[in-house]
Amino acid sequence: MRTGTRIITMDEQTALIRLFSWLSPAFPIGGFAYSQGLETAVADGRVGDGGQLSDWIGGQLHRGSLRTDAYFLAIAARAVTTCDWTALAEANQLCLALQISAERDKETREQAQSFLDAASAWPTSTPKELSAVFERPMALPIAFGATAGLHRVSPGAAIAGFANSAVAQQISVGVRLIPLGQTAGLAVQAGLEAKIAQLSTEALSAQLTDISGLSYGTDIASQKHEDLRVRIFRS
């Protein structure tokens, strides 16, 4: 396959197809069950239309959990590519430590394990050092990034795909809870495309020292979620 002046190799095509499979809504990690605090924001009346939903998600891409997850994914993929197992373990420990609530901690651990279990359908030679990391509790972006690095998936594609999928999941929550029409939801997705692309580019060079956040609203919403009288989602 040729794109521009460069030919995409069969290995690169295979890696992309694999990435598409991992990011499919049908991939069994249970992401549909979580709102990451958005259910609280809708219940409180802070998110009630497409514009407010776009602002909510845009804030996460700018300085919230979506940005942090993209950075951790990039760091994990790079660590596996360079066989830096210490860096991978440190990134995983920090990612788990930064989960803002018990619900979010359980969410990322359970989805990480589900992802690793499902991704085992694509067997590959795994260094013993990485196998040891995989046997410990992991955060989802670390598990995804490490697996992408192991399978030689383009880091840029992995970050962009993961971030875009996470945004789509948040929009799906909004469509069900606000409620928002499918067309309106797609308009939100299209409107956030440039921010997703920008984040994907920034994340490529991320280091652990770049990890930071400024999303008090989403953090508080996540912490308050378990106290909602009526809940559809698990976080």
Practice task
Would you mind telling me which of Arg104, Arg234, Gln169 makes a side chain to side chain donor-acceptor pair (under 3.5 Å) with Tyr34?
Solution key: Arg234
Exercise for the section: Just grab all the ring-ring contact (aromatic ring centres under 6.0 Å, His included) pairs involving residues 126-178, residues at least two apart or on different chains. Expected result: Trp22-His151, Phe115-Phe144, Phe144-Phe162
Problem - Nearest heavy-atom neighbours spanning Asp105 and Leu96 - result: OD1-O, 3.9 Å
Fill in the blank from the handout: What one should report as the nearest heavy-atom pair of Asn92 and Met138 is OD1-CA, 3.3 Å
Please answer whether the main-chain N or O of [Y] pairs with a side-chain N or O of [X] as donor and acceptor at a distance below 3.5 Å.
X      : Y      : answer
Ser54  : Gly50  : no
Thr108 : Leu140 : yes
Asp49  : Gly51  : yes
Asp210 : Gln207 : yes
Glu39  : Phe233 : yes
Thr147 : Ala143 : yes
Arg63  : Gly59  : no

Handout entry: Arg18 side chain to Thr14 side chain, donor-acceptor N/O pair below 3.5 angstrom
Key = no
Exercise for the section: Verify whether one side chain among Asp219 and Gln223 offers a donor that lies under 3.5 Å from an acceptor in the other. Expected result: no
Exercise for the section: Answer yes or no: is there a side-chain heavy-atom contact under 4.5 Å between Thr81 and Arg152? Expected result: yes
